[in-house]
Amino acid sequence: MIGLRLYLAQRLSAFLMAPLVIGHIATMIYAVQNGLTASEILDRTQGSLWWGAFYGLFVGAVSVHAAIGLRAIAFETLNLPVRWLNPLTWTVGMVLALLGGRAVAAVVF
Amino acid sequence: MKAKHNRDPLRIASLIHRISGLALALFLPLHFYVLGLALNDAARLDTFLRWTDYPLVKLAEAVLVLLLSLHLFGGLRLLALEFLPWSPRQKAYAAIAAALSFFVSIGFFLSAV
Amino acid sequence: MKVWRGNAHGGGYRSYSVPARESQTVLDVVTWIQQHAEPTLTYRFACRVGMCGSCAMMVNGEPRWTCRTHVRKVLDGQRLEIAPLRNLPVIKDLATDMAEFFDKWTGAEGVFHPTATRKDAIAPISPADPMRQLANEAVECINCAVCYSACDTVTANPSYLGPAALNRAWTLQNDERDGAYAQRLRAVSADGGCFNCHSHQSCLTYCPNDLNPTASIAGLKRLSSTSFLRRGRTR
């Protein structure tokens, strides 16, 4: 159900995301002080290639990581038939990548 | 299996890791959608963000931060288990991961209110 | 106390009254039931001194060697429930079919492949050799299936090879006399292999020989990953 390639993709995306998650939580703790507004967020992210790269990488990694994680849950807990595992994994990954990519574009450009 | 096995701390840690991952995966599409509103409808994004003024919503956000922290620190424990030489202190690491997660989450909540 | 009676088609718990003794193991209790109350009760044992692993059963929901489990240590108030090992098909009552356990053992290539003959000199391996120490730490497995029964991933994933089989594979990957390294690496990194382990560590919690299959499996994950990353394939 989880072979070598999926395992490595899962662990590599995890390694990548560790610093990104810490950075994201730190940013959130900073940003929520004195309320949260759209202009505050956009002033920070709009036109910034750094934020674009940060969140772009984050979206890519989380799409892989969540897709494989949900695969494990679908098989082990929901007993999804094996032939549905690959379609599910790809679908979840694509949906998250597309929605996430759109969100990154929305706040950067 | 029953009784003591169900209370085994490392098994509970794995359950927390799995449930937090699932919750985050289900939350993400909503998160991405709301942020995507900035693309064409920044006003609607602002309306949405007004919800974050309510204390109950701030609490919910703190819970999300807790879930993310639990998944992060629990995940780091697993990466250490798999890639570093074996340590017999697995239960201690799981406890530390949980403690750090609450610390971060409470820090967020205090920052938000 | 309650004992599970039944077969592959199903069954349930039956109650028995057994005289309590000063120093009594769960195996003593099961034996008393068969000898005095229920001659049709089926169960396995052999050495009754904690060396063979044949008497493994679920005791109050946990897999244990019944000959090494004192009743007073596991009595939950007045509750004592004995059932066949989890994750294995039942033949009758407390005896399970171990075939799949051993099939997965060979499926993980937990088989020694010799590279020398009796005419060759004995391989000079020092006990202090690091690889030999890794093998020695994991080699005392007597195939009792307690870890296999404790493992939640085995329950959730029927094709998962399981802690015992993978633990043995690890000892052989660290045995420099063995000639099937590449073949075994492929076997343990296949779909039902080591990457399914979620490190709950129930296996080492319950192993009566204090073995650590989680660590062995982590070792296999590292061997397989580094081989892939260096060579683009599992050797």
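In what follows, every chain begins at residue 1, and chains take the letters A, B, ... in the order their sequences are listed.
- Within 6.0 Å of the CZ atom in B:Phe103, the count of heavy atoms belonging to other residues, nucleotides or ligands does not exceed 12.
- A pairwise comparison of heavy atoms in B:Ser111 and A:Gln33 identifies OG-CG, 3.0 Å as the closest pair.
- The side-chain heavy atoms of A:Val95 and B:Pro29, taken from C-beta on, include no pair separated by under 4.5 Å.
- For A:Glu76, the part sitting under 4.5 Å from any heavy atom of chain B is the side chain, from C-beta outward, and nothing else.
- To the nearest 0.5 angstrom, A:Met17 atom CE is 7.0 Å from B:His71 atom NE2.
- Residues B:Leu49 and A:Ala38 share a closest heavy-atom pair of CD1-N, 3.3 Å.
- Comparing A:Gly35, A:Ala103, A:Ala67 by heavy-atom pairs within less than 4.5 Å of chain B, the highest count is held by A:Ala103.
- The side-chain heavy atoms of B:Phe32 and A:Val59, taken from C-beta on, include a pair separated by under 4.5 Å.
- Contacts between A:Val62 and chain B at a heavy-atom distance below 4.5 Å involve the side chain alone, from C-beta outward.
- In this structure the side chain of B:Val65 never reaches within 4.5 angstrom of the side chain of A:Ile29, judged on heavy atoms.
- Ring-centre distance between B:Phe108 and A:Tyr30: not below the 6.0 Å cut-off.
- Other residues, nucleotides and ligands contribute over 12 non-hydrogen atoms within 6.0 Å of the CG atom of B:Leu84.
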Run the numbers on B:Leu35 and A:Val104 for side-chain contact (heavy atoms from CB on, under 4.5 Å), then give the verdict. CA-CA 8 Å; B:Leu35 287 168; A:Val104 174; over 6 Å; no
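- The number of heavy-atom neighbours closer than 6.0 Å to CG of A:Asn86, taken from other residues, nucleotides and ligands shown, is above 12.
- Of the two parts of B:Val104, the backbone and the side chain both hold a non-hydrogen atom closer than 4.5 Å to a non-hydrogen atom of chain A.
- Both the backbone and the side chain of A:Leu96 come within contact range of chain B, with heavy atoms under 4.5 Å apart.
- Only the side chain of B:Phe83 comes within less than 4.5 Å of a heavy atom of chain A; its backbone N, CA, C and O stay farther away.
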Under the criterion side-chain contact (heavy atoms from CB on, under 4.5 Å), I'd like the reasoning laid out for B:Thr52 against A:Val32: C-alpha separation, chi angles, the key distance, then a yes or no. CA-CA 9 Å; B:Thr52 64; A:Val32 293; over 6 Å; no
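- Contact annotation for A:Leu99: both backbone and side-chain heavy atoms come within less than 4.5 Å of a heavy atom of chain B.
- At a 4.5 Å heavy-atom cutoff, the contact between A:Tyr7 and chain B is made by side-chain atoms alone.
- In terms of heavy-atom proximity, B:Arg18 sits nearest to A:Ala72 at NH2-CB, 3.8 Å.
- Using a distance-only test at 3.5 Å, with no hydrogens or angles considered, a donor-acceptor pair links the side chain of B:Arg50 to the main chain of A:Leu36.
- From A:His24, atom NE2 reaches atom CG of B:Leu72 across 12.0 Å, with rounding to the nearest 0.5 Å.
- In this structure, the separation between CG on A:Leu70 and CG on B:Leu26 is 7.0 Å, given to the nearest 0.5 Å.
- For the set B:Leu37, B:Leu68, B:Asp53, the entry with the most heavy-atom pairs within less than 4.5 Å of chain A is B:Leu68.
- Applying the 6.0 Å contact sphere to CG of A:Leu78 captures more than 12 heavy atoms from other residues, nucleotides or ligands.
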